[in-house]
Asker: 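Below is a structure I'd like to ask you about.
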Amino acid sequence: MTTSVDDGAAGRPALGDAAAREMKQRLEDERRRRASQLGVLEQSVGQTSVEQTEASDYARMENLRESLTEIGSALQRLEEGTYGRCEGCAQPIPAGRLEILPYVRFCVKCQGKKNRSAR
Ligand SMILES: [Zn+2]
């Protein structure tokens with residue numbers, strides 16, 4: 001199920017080639033791990049009646065699905081060469097932040113703004 005774009009060095013991404021490759025690897029690992037967590041959870045919830053299923057299980061499944069979506073779009077951005085740029089202000093997101101949150105879409109400032117307006 002891989003979309004193998006091995007030599008996609010055409011458009012220069014914000015990230016260097018090696019760094020982008022490494023990040024792709026990381027995101028794919030992360031995606032695999034979460035997909036299998038979600039699979040396990042879905043199976044156990046599937047075997048449990050609705051009344052007995054913990055609300056927290058649903059919340060966890062929801063979380064996993066969300067992060068899978070985020071990881072998927074981060075991988076897409078990686079291929080398109082837009083990865084690592086804030087979707088709010090188009091500035092590069094600091095490498096340290098990407099290190100901790102590889103599929104983050106916003107820089108700290110824009111994330112803060114977004115969080116404030118979300119509540
Ligand atoms: Zn920003």
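Note that these values count all heavy atoms, side chains included, but never hydrogens, waters or copies made by symmetry. What you are looking at is a predicted structure, and each value in this text was computed from that prediction instead of being measured. One-based numbering along the sequence shown.
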Asker: For Arg97 and Gln111: C-alpha separation, side-chain torsions, deciding distance, then whether side-chain contact (heavy atoms from CB on, under 4.5 Å) applies.
Answerer: CA-CA 12 Å; Arg97 178 162 167 79; Gln111 186 78 62; 3.5 Å; yes

Asker: Could you tell me whether Glu79 and Lys24 make a salt bridge, using a distance below 4.0 angstrom between a side-chain N and a carboxylate O?
Answerer: yes

Asker: Roughly how far, to the nearest 0.5 Å, is CD of Glu42 from CG of Leu64?
Answerer: 9.0 Å

Asker: Less than 4.0 Å between a side-chain N and a carboxylate O, is that true for Glu87 and Lys114?
Answerer: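 Salt bridge between Lys114 and Glu87, a charged N being under 4.0 Å from a carboxylate O: no.
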
Asker: What's the spacing between Leu75 CG and Glu30 CD if we round to 0.5 Å?
Answerer: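 CD of Glu30 is found 10.5 Å from CG of Leu75.
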
Asker: Indicate, with yes or no, if Leu78 and Ile100 share a hydrophobic cluster defined by side-chain heavy-atom contacts under 4.5 Å among Ile, Leu, Val, Met, Phe, Trp and Tyr.
Answerer: yes

Asker: Distance from Asn115 atom CG to Cys110 atom SG, nearest 0.5 Å?
Answerer: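 Separation between the atoms: 11.0 Å.
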
Asker: Grouping I, L, V, M, F, W and Y whenever their side-chain heavy atoms are under 4.5 Å apart, do Leu27 and Leu68 come out in a common cluster?
Answerer: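 Unlinked, Leu27 and Leu68 end up in two clusters.
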
Asker: Please give me the minimum heavy-atom distance between Pro102 and Met23, naming the atom from each residue.
Answerer: CB-SD, 3.8 Å

Asker: Can you check side-chain contact (heavy atoms from CB on, under 4.5 Å) on Arg85 and Gln91, steps first, answer last?
Answerer: CA-CA 6 Å; Arg85 264 178 209 290; Gln91 293 301 308; over 6 Å; no

Asker: Salt-bridge test for Arg77 and Glu80: reply yes if a basic N is under 4.0 Å from a carboxylate O, no otherwise.
Answerer: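 No, Arg77 and Glu80 are not salt-bridged.
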
Asker: Assess the side chains of Ser67 and Arg34: does a donor N or O sit below 3.5 Å from an acceptor N or O?
Answerer: yes

Asker: Can you tell me how far apart CG (Leu41) and CZ (Arg60) are? Round to the nearest 0.5 Å.
Answerer: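 Nearest 0.5 Å value for the CG-CZ distance: 5.0 Å.
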
Asker: Measure the shortest side-chain to side-chain distance between Leu98 and Tyr103 over non-hydrogen atoms and say whether it is less than 4.5 angstrom.
Answerer: no

Asker: Are there more than 12 heavy atoms of other residues, nucleotides or ligands under 6.0 Å from atom CD of Gln47?
Answerer: yes

Asker: For Glu22, does the CD atom have more than 12 heavy-atom neighbours from other residues, nucleotides or ligands under 6.0 Å away?
Answerer: no

Asker: Under 3.5 Å, is there a donor-acceptor pair between the Ser73 and Arg105 side chains?
Answerer: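 Judged by distance alone, the side chains do pair up.
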
Asker: Answer yes or no: is there an ion pair linking Asp29 with Arg26, defined by an N-O contact shorter than 4.0 Å?
Answerer: no

Asker: Got a second to check how far Phe106's CZ is from Leu101's CG, nearest 0.5 Å?
Answerer: 13.0 Å

Asker: If you round to the nearest 0.5 Å, how far is CD of Gln25 from CZ of Arg21?
Answerer: 10.0 Å

